[in-house]
Amino acid sequence: MQLHRTLVSKLLLVVLLMFGFGFALVPLYDVFCDITGINGKPSATPATVLADNIDTSREVTIEFLARPNKDMPWIFKPEIRRLTVHPGEIYVMNYIAENPTSRMIVGQAVPSVSPGQAALYLHKIECFCFTQQQLAGGNNMLMPVQFYVDPALPAQFSTITLNYTLYDVTASWQPDTATAKSGE
Amino acid sequence: MTNTRCLVWSLPTLFFAASANASTSMPLNMTKGATEISQQVYQLHMTIFWICCAIGAVVFGIMFVSMILHRKARGGQPASFHESTKVEILWTAIPVVILVVMAFPATTTLLAMDDTSAADVTVQITGSQWKWHYKYLEHDVEYFSLLATPREQVANKLAKGENYLLEVDRPLVIPVGKKIRFLMTSDDVIHSWWVPAFAIKKDANPGFINEAWTRVDEPGTYRGQCTELCGKDHGFMPIVVIAKSEEDYLAWIQQEETRIASEKAAEQELLAMNMSMAELMSTGEKIYQGWCVACHQATGMGLPGIFPALKGSELILNDRNGHIDVLVNGRPGTAMQAFGKQLSLKELAAVITYTRNAFDNNTGDTVQAADVFAVQQGKGE
Amino acid sequence: MSAITTEHDDHAHDHKPSGIKRWLFTTNHKDIGSMYLIFALVMFFLGGSMAMVIRLELFQPGMQFVEPHFFNQMTTVHGLIMVFGAVMPAFTGLANWMIPMMIGAPDMALPRMNNWSFWILPFAFLILLLSLFMPGGGPSFGWTFYAPLSTTYSGDSTALFVFSVHIMGISSIMGAINVIVTIWNLRAPGMTWMKMPLFVWTWFITAFLLIMVMPVLAGAVTMVLTDKYFGTSFFDAAGGGDPVLFQHIFWFFGHPEVYIMILPAFGIISAIIPTFARKPLFGYASMVYATASIAILSFLVWAHHMFTTGMPVFATLFFMYCTMLIAVPTGVKVFNWVATMWRGAMTFEVPMMFALAFIVLFTIGGFSGLMLAITPADFQYHDTYFVVAHFHYVLVTGAVFSIIAAAYYWLPKWTGYMYDERLGQLHFWCSLISVNMLFFPMHFVGLAGMPRRIPDYALQFADFNAFISIGGFLFGLSQLIFVWVLVKCARGGVPATAQVWEGAEGLEWEVPSPAPYHTFETPPVIK
């Protein structure tokens, strides 16, 4: 009986660990994505290190895309469709948002980069996607993203597409925490 | 199960009925497609297929020979050998070699498929329940593409057309000989955009973008379907791509740009206009058949528990502005989408009027473009 | 010896409580095994009847019998019932019956837990089936329940679905723990690891797969539940989640799950082929190593279900190579079986017929699996009927055929009577022909471009679908012959000898037929 008990406890421990592992896959996946860019999700926190050199000999095209989700009434688009940049140099690009309704709506932009691996080389110093954005009814605003392309960007990438999907998060918005909050 | 019994008896009859129904014969192999990549994929498919056939022939051959020769009925005594390390190593090593040989062309093709750089035309494809949206990034052209097969054909009330379930109202148009890049995303659940002739199948994930590319050599019409289960009407969101010569393509783009611009201009005029009940109802019915019928059904009865009935709906009968608001802004968290951005004011007014007067709702009132506009601007309340 | 079993033995020596109480409170491995097997058979017919609904609707283009929404519920629940209700419990039932007898143990190591792990199962499926009658219907997002279709866009039956999957998971985990502890601790003296029958080996490895991946499935459904009802956003892009993450977690469970459903089948075939070839299994040790390597590799290939989700090319290549590699140990197994037959003295009773059909048809499923591993080609095959054909070849003509073969093989040992050989042969030939009518044309339909999980299709697919449906109905009807054989055999027939089959070797053939209620109370000694 004792023999069974020790073995059963060991096996139960495996079960528990694997249950935990299922959940651990969530942060592990994020870490894995941060390292490999597997899902094209750029970092949700501002870049703090700047590039030490600007590679003027190289040009990379950045394409800007925007799509308000189907339940999001905002009109949301990039100021320009594409920009040719030198790796290392810092650029500011504006997105235009307009709330055509009469009520205040809170938006959360979710960035996605294609090709996925290029997400690792697109560093955002400041971005409207780091925080939730409020916009009163009938108002509009410019939402800036400040970024640079890492000079280490592998040569095969000549075009990077940056897409923002804009979601209406008014329902889950909490006024007091919203200012400090970034995308989870 | 009387049904089962009936079925058994009616099987032969039904089978012949089904054969008579089919007008086109089905290819028995993967399509060679219309692009260089799709040819390569076809070659890969055939190579691995023949390798499998060869292995199968050898293994099953030996097995069947053994089944014939080494039967107890033939009076043979069983041998007793039961291991041989040499043989084991041999039949581990041979498959490894075959697989390595196979991996080379597979890798080359995969790398070619992955290279989306230097595209001439970029189209953003967005899936949503249950339609595709195409947006040409270099032009002011974007539109939804919906199933064009009438629901009566699905319900077997009308004879089925040649391209049953593979036809759309507005196909995607691309130029031949140019590298086209597709950026896939989704508005709700995961969809997957598949055109066999291009060997492109790529998931459209909500909140993320995926890339694929093609270069079509021959002008033509290419059909495909959504290939990721995306809810009730997953089987009813086809894809049609028309490849045109470059001049034709540019002419088409120009025509679309003009059409979209003139529709926008017409919107403004509409605000001051009152459309007649008859015009609203006839336009409304068309819109309803294309956009609403999947959930709310042709009878307006919906599906209990998931899609509410329009017939006798409290909202429709008692809250006109509420009705307009649901159409314009949707019901977040449900399958009811915000159609304010998908349909024009005229179309919205028409379909709202239609649902207010069809299915014995008989409110007798019309909703005009200006009413919809007012709600859209938040002044309706 | 365990205290529980001793106590039980004291007052229940060879007479058991009668009526329903015997079955409700039984801790006897043979009783529980029988219950598992009967439950699996009932579920097989229930899931099968759903498949009949699917094939009925697909018989002709157009919607005839059911709504698309109900069609989706049928595909979903058919999958769930066949995987978790039919194949897995059938293997657990076989494990319960045979493992203690094969290793010379008096019972399973944890008999009370054994009772529990069975009895919670009917409730899990009752919940799942009742959810079909909810307003809005049951789960309709496919057995793979991809988020966000199963979260934001699903009906309220999702809560019941999650609860039911949790119970199934707990049941499987308890069953697996029991198998491991039994094999580890209760082997008779002299039954060393490398003397164990392959069925015991494959189940031992399967049980480890179960305890490692069922908890991950539990985690996945829990996340679906909290995403849907408690405001988390594991899989919701709006809240910072990623819907593709769901697929990674699901298939981390899902791929080993595929091997959970096939490794015990390998064990069964490795028992049947030598018996009817009257020749020892060729390459026993390499069979054990091959099973172990398949199990290990199964943890490294999950993303081959996800080639179209947009993974970067290096990840795609990694998963493609690993998947191709799985063909190697699987091939070794097939080669070993064929080598076992070579220069044997074969007879072709029903178990052997099903085992031979298994080898050919499972290998065909393996070939299509290899084709699916070639990523660029997978872009064309993925989510079409080619995939449906592939996994039904491995699961129906693979797992289910092996279970049927096992039933015929051990039936005389269970009932004490020989089954009706002629009826059994009829069952085999009807099944063999109809199953190929059912699944083989699906390869062509898939290659021609018909996506899976659609309730209606373009006209060009009509002829083939009608043919497939007829095959489906015939296959369904053929299984009624099986029930007939089983009932007939349970009620009487030619008494079976202890060894039953001329070439059978192993401890289970040393006890009388039918096997007494208690076997090996004093452990046998293996030379």
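A, B, ... follow the sequence lines: proteins, then strands. Residue 1 opens every chain.
Looking at every heavy atom in both residues, A:F19 comes nearest to C:G219 through CE1-N, 3.5 Å. Residue C:A237 comes nearest to A:V110 through the heavy atom pair O-CG2, 3.1 Å, listed as atom of the first residue, atom of the second, then distance.
Taking CZ of A:R5 as the reference point, atom CG of C:L110 lies at 10.5 Å (rounded to 0.5 Å). We find the CZ-CG distance between C:F234 and A:L25 to be 11.5 Å, quoted to the nearest 0.5 Å. Here the CG atom belonging to A:D30 is positioned 8.0 Å from the CG atom belonging to C:D242, to the nearest 0.5 angstrom. A:L11 CG to C:I211 CD1: the interatomic distance, rounded to the nearest 0.5 Å, is 4.5 Å. For the atom pair CG of A:L12 and CE of C:M174, the computed distance is 10.5 Å after rounding to the nearest 0.5 Å.
Two residues are said to be in side-chain contact when any heavy atoms from C-beta on lie closer than 4.5 Å; A:M18 and C:F253 fail this criterion. Using a 4.5 Å cut-off on side-chain heavy atoms (C-beta onward), A:F23 and C:T222 make contact.
Looking at C:N185, C:T182, C:N178 one by one, the single match for side-chain hydrogen bond (donor to acceptor under 3.5 Å, both in side chains) with A:H4 turns out to be C:N185.
Listed by first then second residue, pairs satisfying ring-ring contact (aromatic ring centres under 6.0 Å, His included) with a partner in residues 27-59 of chain A read A:Y29-C:H248, not counting sequence neighbours.
For C:A315, the part lying under 4.5 angstrom from a heavy atom of chain A is the side chain only. For A:V26, the parts sitting under 4.5 Å from any heavy atom of chain C are the backbone and the side chain alike. Heavy atoms of C:I173 lying under 4.5 Å from chain A belong exclusively to its side chain. Heavy atoms of C:F314 lying under 4.5 Å from chain A belong exclusively to its side chain. Of the atoms belonging to A:Y167, it is side-chain heavy atoms, and not backbone ones, that fall under 4.5 Å from chain C.
Other residues, nucleotides and ligands contribute over 12 non-hydrogen atoms within 6.0 Å of the CZ atom of A:F157. For C:W143, the CH2 atom counts as densely surrounded, since its 6.0 Å shell holds more than 12 non-hydrogen atoms of other residues, nucleotides or ligands.
Using non-hydrogen atoms only and a strict 4.5 Å limit, no part of residues 77-88 of chain A faces chain C.
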